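Since the structure comes first, as structure tokens, the remarks are kept for the end.
What you see is a predicted model; the values in this text were computed from it and never measured. Chain naming here is simple, since letters A, B, ... match the order of the sequence lines and numbering starts at 1 in each.
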Number of protein chains: 2
Amino acid sequence: MSQNPDPNSPPAEAQDTKDRLIEAGMAVFAERGFADAGLREICAQAGANPAAVNYHFGDKQRFYTEVLATCHQRAASHRPVPRIADDPDRPDVVLGRFVRWFLELLLVSSENDYLGRLMAREMVSPSPSLLEMVRRSLLPIKAVLEEILRALLPPDVDDQTLGLCFASTISQCLFYKHNQPVFQAMERIRATGREDERLQAEFPDRNDLDELAEHITRFALAGLRAAGYETDHR
Amino acid sequence: MSQNPDPNSPPAEAQDTKDRLIEAGMAVFAERGFADAGLREICAQAGANPAAVNYHFGDKQRFYTEVLATCHQRAASHRPVPRIADDPDRPDVVLGRFVRWFLELLLVSSENDYLGRLMAREMVSPSPSLLEMVRRSLLPIKAVLEEILRALLPPDVDDQTLGLCFASTISQCLFYKHNQPVFQAMERIRATGREDERLQAEFPDRNDLDELAEHITRFALAGLRAAGYETDHR
DNA sequence: GACCGATTCAAACAGATGTTTCAATCGAGC
DNA sequence: GCTCGATTGAAACATCTGTTTGAATCGGTC
């Protein structure tokens, strides 16, 4: 259990394999989810022995926890969240930035940033780490978006309406991540018969993302006005 | 492989176990998903032997396919879909009915109707049967909703805008199904410290569902106006 | 150069899964 | 009443999983 007691003498290669395991773990866990990801596949991708996981982390669960923690630390520095304080007079613009930011977090693959994909996985098929992930990543995001929404809603909105508006906004973004298998299936159906063209056009290219973010923002802004108006005159 | 050649002499008990297996399969598959559902658990719940699955259906995959098929047939008769033809002059009212219907399909447990829950499972963690489920259940639902949306959008909307509006509407409903684990986690966090009260209030009671449907409908109607307006003047 | 702790590796382990086997059982028809 | 095909059941099977074992290896220290 206890590592090298002398912090000045790192075994060099030891830290290496640990890091390689975490790196490979992020990739495979993000793609397959906690349950479906096999330690043997991760270890193969890391060039390590299956026993290394248990040696360095104890067991699969604690290994996964450490992967999530690393991912969280790393993502905090990448792509900072757009906040209402960035542009206090234009909450509508900030909402647009937030939507764009969140879509990118979920949909755009980056070699270094797996947090969005791991979050999405954890949301729909939870592991024992869900609770900590909610506390650490999801709730802060929720707080930021609700701050933006408050600026767009009447000043006296009740918490329930705020929560509903939060759901209506964030759900539109999550939709495109959670239902990727369905999109692919629909594409395959639509392409039945005509074998030509690209069968599967790597879903969100830059243009798609821009249009998506623009539509969601416009849709949400109108919805928010309606929700806030109704609340005022209830 | 070949069953009893004489259709007038059902082996009585044989059809029984087959039906019991399908019944138990619907319940367990809906709760655990295709991969996580164990045949032994299903068979125990059906009072049958694990070998019965392979005898009657061939293998787990074909068994699951048959469960989905039965579920589809059965659901077609239950809760019919609200259509634009029901009330052609009030597409806004029809949209409200559709939202309510879809939320109920996803969230309200019924002993006889597992289609919504199986659909939701299949969408986020697909099995080889996803393609057929999309073709059979999802695309028809999509067609019905798009028919309603067309009546609420300018008559000359392009397909892309229609698709985006479909996503923005349906995603709000799916959100509450797909993220149930997250809600429970948030509830547990919010209840930390104070042990009192019901820890987990069986999420969608009748009132919640009504409020939910009302909010989503209002939010979507406003969003649709905004999306349609923008399309007109692009 | 011999020791020693930390680390790696191949192999085996225990448990669960879907599937198969084959004998026992049931039910109708001659 | 017996026979034969359809059905059931207990057990074994093959394969996969995470995990453990114990010997081999490496790197630095006295």
Partner residues of A:E211 under the side chain to side chain contact (heavy atoms under 4.5 Å, CB included) criterion, sequence neighbours left out: B:Q160
Between C:dG18 (C1') and B:F57 (CZ): distance, integer Å: 15 Å
Quick check on contacts: within residues 34-53 of chain B, what sits under 4.0 Å from DNA chain D by heavy-atom distance? B:R40, B:N49, B:A51
Residues forming a side-chain hydrogen bond (donor to acceptor under 3.5 Å, both in side chains) with A:N54, sequence neighbours excluded: none
Starting at CG of B:D59 and ending at P of C:dT17, how long is that distance when rounded to a whole Å? 17 Å
Which whole-number value in Å describes the distance from B:Y55 OH to D:dT7 P? 4 Å
I need the CZ-P distance between A:F63 and D:dT19, as an integer number of Å. 11 Å
Polar side-chain atom of B:E41 near backbone of B:A37 as donor-acceptor pair, under 3.5 Å: no
Listing request: all side-chain hydrogen bond (donor to acceptor under 3.5 Å, both in side chains) pairs with a residue in residues 96-105 of chain B, at least two apart in sequence or in separate chains. B:R100-B:E104, B:R100-B:D210
In whole angstroms, how far is the C1' atom of C:dA16 from the CZ atom of B:R32? 14 Å
Results of side chain to side chain contact (heavy atoms under 4.5 Å, CB included) for B:T217 - residues two or more places apart only: B:L95, B:V99, B:L221
Measuring to OP1 and OP2 of C:dT8, would you say a side-chain N or O of A:H56 lies under 4.0 angstrom away? yes
If I take atom NZ in residue A:K60 and atom P in nucleotide D:dT20, what distance separates them, rounded to the nearest angstrom? 14 Å
Starting at CZ of B:R20 and ending at C1' of D:dG9, how long is that distance when rounded to a whole Å? 13 Å
Just to verify, what does B:R74 make a side chain to side chain contact (heavy atoms under 4.5 Å, CB included) with, not counting sequence neighbours? B:E23, B:M26, B:T70, B:H78, B:N112
Counting only side-chain N and O atoms of B:T17, is one of them less than 4.0 Å from OP1 or OP2 of D:dT7? no
What integer distance in Å separates A:N54:CG from D:dT19:P? 5 Å
